[in-house]
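Remarks on the structure that follows.
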Amino acid sequence: MSNPIVREIARVAGRRLGVPEADVLKIITTPPSDELGDYALPCFAFAQRQKRPPHEVARELAEALREAEHVVKAEAAGPYVNVTVDRAALLRFIVGAILEQGERYGGGDEGRGRTIVIDYSSPNIARPFSIAHLRSTALGNALKRLFRHLGYRVVGVNHLGDWGTQFGALIAAYKRWGSRERVERENVYELFRLYVKFHEEAEKDPKLEEEARLWFKKLEEGDQEALELWRWFVELSWRAFRRYYELLGVEFEEVRGESAYRDRTGPLIEELLKKGIARESEGAVIIPFDDEGDKGEGEGEGMPPLLLRKRDGTTLYATRDLAAALYHYETYRFYKKLYVVGAEQSLHFKQLFKALERMGHEWARDLVHVAFGMVLFEDKKMSTRKGRVIFLEEVVRKATQRTREIIESIAKTADLTPEEKDRVAQDVGVSAVLYSQLSRSRTQDIHFRWEEVLNFEGKSGPYVQYTHARMAGVLRRAGVSTSTPPQPDEVDYGVLTHPHEVALAKKLELFPQKVRQAVEEYDPFPVAEYLADLAAAANKFYDTCRVLGEEPAVERARLALVRATKTVLKTGLELLGLKAPERM
RNA sequence: GCGCCCGUAGCUCAGUGGACAGAGCGCUGGCCUGCGGAGCCAGAGGUCGGAGGUUCAAUUCCUCCCGGGCGUACCA
């Protein structure tokens with residue numbers, strides 16, 4: 001919270017007690033209920049510092065604050081001071097700031113001059129896009145937009161899984177059971193079928209694994225047949241993935257798969273061996289973390305080694321990840337690089353970062369593993385190998401279809417053309433899917449449930465969008481031009497006295513800090529949760545306070561509030577990577 | 001075994017060193033002859049996994065225990 005009134009409260013209280021304004025600002029909260037006041041000051045900390053009883057300090061502060069500008073009431077309630085401020089002034093500050101700043105509201109320039117590289121989505125291609133990949137995609141995309149809002153330069157990187165033993169497996173499977181026309185017809189779904197079949201068969205016949213490793217070895221050695229098949233699979237898959245990303249509205253500044261680093265891994269391993277950072281062990285090349293080569297305070301102790309090269313001479317994803325980190329630092333000199341990757345890979349990143357530190361790169365501490373929980377289906381982990389997965393296409397199709405049904409049942413959208421309805425159905429359906437991924441804090445596992453993803457009532461993407469469309473509807477009917485904000489002196493905020501009006505405005509005030517919280521925690525969740533909250537406040541207001549046709553002063557003020565609300569809802573939705581249709 | 005994550009209402013999840021622990025779903029009952037009912041209002045529903053400790057104050061911090069998940073050298 002930071003409006004001129006709160007700052008004034010902090011200033012007056014701070015001066016009275018002889019503590020810095022900033023210290024007071026930090027502890028200012030809101031009372032449990034609106035009737036008690038607008039802001040509250042718990043006095044425990046001050047009391048302790050002055051060795052006086054809290055209620056005494058509270059009484060003293062209450063008295064002092066009564067003299068502060070815009071304060072209409074200040075009362076001690078035990079150890080708390082509850083402050084009621086001039087609501088008209090408060091609303092003018094809040095709503096005025098939003099109308100003036102428009103979609104820049106909640107943003108800033110604290111990131112200016114800093115580049116953030118975000119590795120997200122990064123699916124293993126050669127199989128359909130599953131909802132396991134959806135979470136990284138949704139999180140990364142939202143983080144990208146949030147950081148941008150604060151002035152950072154952001155490079156979104158799709159580090160495609162287009163190299164590795166899995167391609168050996170795929171080639172082996174294709175050679176055994178595949179057919180060209182079937183792959184051409186079924187695309188990634190056929191590749192997926194082959195992949196699943198491979199693992200089923202491999203359980204019965206372990207020799208298959210050997211075959212897969214052999215094919216990957218050939219691939220790394222530049223075997224023509226292997227390379228041709230690989231290239232074909234990759235092209236085919238990438239074409240399918242581009243469609244998925246288009247559907248989701250997700251873009252990348254850099255699409256560079258693991259295969260892009262395949263020429264760098266050899267020299268890198270040699271260098272690490274020469275420097276004594278890596279060594280051979282059981283025929284493989286590793287970076288050990290259990291010896292005294294680690295000067296850190298024992299955090300390397302007991303950590304398994306990082307494998308760079310297998311006994312058969314082929315590389316691992318760790319090797320390519322190492323090369324990619326080096327490449328990204330050289331290319332972007334990033335302020336931070338974020339890896340939006342599932343928590344099950346925590347150890348891998350710990351090892352990776354430690355390895356870079358050993359190599360003497362002080363920027364290794366700027367690498368962050370933004371770990372997130374799994375997406376469970378029927379309370380169990382999904383498994384691509386076992387074919388227990390849900391594909392994005394199906395989820396989006398169902399969500400879009402559901403939206404379309406609702407649109408058809410609503411008279412308000414009857415005049416939309418079929419094309420417009422399709423557009424809106426997709427925008428809303430996709431948002432429902434994306435929101436489901438952002439509506440839990442990062443570390444929580446997500447239980448994927450059809451009935452939940454397809455329920456658009458309550459906390460959901462469509463709920464927020466619907467509220468936005470309602471606000472848009474009021475403005476449209478009012479004939480308010482959206483390009484020119486009303487002049488501050490045209491609006492008398494003093495007429496906004498209904499509790500729902502005040503509550504809504506206070507909610508609007510929280511947006512900037514939610515954006516910052518999201519960025520600090522590398523988690524869009526606080527913003528997602530906030531938007532649902534804001535929408536709830538907006539709907540309560542809408543339900544009780546009529547806008548159009550009220551007396552002019554009231555209508556003007558409420559229109560300003562509606563407009564500010566619409567602005568924040570839209571900005572928030574877009575920061576999460578969701579669409580904000582005017583009608584739906 | 002070791003490391004990390006999780007344990008709060010029937011379900012899915014917020015929350016926080018401080019004033020009576022919140023939301024959504026589900027359930028029960030209300031609200032469309034005035035701006036969009038994908039909405040709103042009301043109700044029922046909780047030993048905040050357990051035990052200690054730190055503190056004026058713990059659901060929040062520390063320790064231990066219990067339960068669940070993930071990871072733990074040739075997959076990504």
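Chain letters run A, B, ... following the sequence lines, proteins first, then strands; residues in each count from 1. None of these values were measured; they are calculated from a predicted model.
If A/Tyr542 and A/Asp312 are placed on RNA chain B by their nearest nucleotide, the residue sitting closer to the 5' end is A/Tyr542. Mapping A/Tyr80 and A/Thr403 onto RNA chain B by nearest heavy atom places A/Tyr80 at the nucleotide closer to the 5' end.
No donor-acceptor contact under 3.5 Å links the side chain of A/Ser460 to the base of B/A38.
Qualifying side-chain hydrogen bond (donor to acceptor under 3.5 Å, both in side chains) partners for A/His348, counting only residues two or more places apart in sequence or in other chains: A/Tyr317, A/Asp321. Every residue two or more places apart in sequence or in another chain that forms a ring-ring contact (aromatic ring centres under 6.0 Å, His included) with A/Phe192 is listed here: A/Phe391.
When distances run from any side-chain atom of A/Glu258 to the nucleotides B/A76, B/U72, B/G69, the shortest one goes to B/A76. Side-chain atoms of A/Pro31 lie closest to B/A19 of the nucleotides B/A73, B/A19, B/C40. For A/Asp543, the listed nucleotide lying nearest its side chain is B/C40; candidates were B/A38, B/A14, B/C40.
Ring geometry for A/Phe241 versus A/Phe129: interplanar angle of 30 to 60°, hence tilted.
Annotation: B/G45 and B/U12 have their C1' atoms spaced 15 Å apart (nearest Å). Taking atom P on both nucleotides, B/U60 is separated from B/C48 by 10 Å, rounded to a whole Å. B/U54 and B/A73 have their P atoms separated by 42 Å, with the value rounded to a whole Å. B/U72 sits 47 Å from B/A19 when the C1' atoms are compared, rounded to a whole Å.
Counting to the nearest Å, the P atom of B/C6 and the CD atom of A/Glu344 are 15 Å from each other. A/Lys381 has its NZ atom 4 Å from the P atom of B/G71, to the nearest Å. The interatomic distance linking A/Met382 (CE) with B/A76 (C1') rounds to 15 Å, in whole Å. When the P atom of B/G37 is taken as reference, atom CZ of A/Phe456 falls 18 Å away, rounded to whole Å. Between A/Trp450 atom CH2 and B/G26 atom C1' there is a gap of 21 Å when expressed in whole angstrom units. For the pair A/Leu454 CG and B/A38 P, the computed distance is 17 Å after rounding to whole Å. The nearest whole Å value for the distance from the CD atom in A/Glu529 to the C1' atom in B/G22 is 10 Å.
Neither OP1 nor OP2 of B/C5 sits under 4.0 Å from any side-chain N or O of A/Thr443.
We find that the ring of A/Tyr317 and the base of B/C75 do not stack by the test of centres under 5.5 angstrom and planes tilted less than 30°.
Aromatic pair A/Tyr339/A/Phe349: centroids less than 6.0 angstrom apart.
Salt-bridge formation is detected for the pair A/Glu582/A/Lys566: a Lys NZ or Arg NE/NH1/NH2 atom is positioned less than 4.0 Å from an Asp or Glu carboxylate oxygen. Between A/Arg449 and A/Glu378, no side-chain nitrogen of the basic residue sits less than 4.0 Å from a carboxylate oxygen of the acidic one, so the salt-bridge criterion is not met.
Using modelled atom types and a 3.5 Å distance limit, the side chains of A/Gln465 and A/Ser431 yield a donor-acceptor pair. Of the N and O atoms on the side chains of A/Ser259 and A/Asp162, at least one donor lies less than 3.5 Å from an acceptor on the other residue.
Residue-level contact check: A/Gly164 touches the backbone only, with heavy atoms under 4.0 Å from sugar-phosphate atoms and none from bases. Note on A/Asn82: a base of the nucleic acid sits closer than 4.0 angstrom, heavy atoms only.
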Annotated structure of RNA chain B as dot-bracket, pair cut-off 3.5 Å, Watson-Crick or G-U only, | for inter-strand, is (((((((..((((....[...)))).(((((.......))))).....(((((..]....))))))))))))....
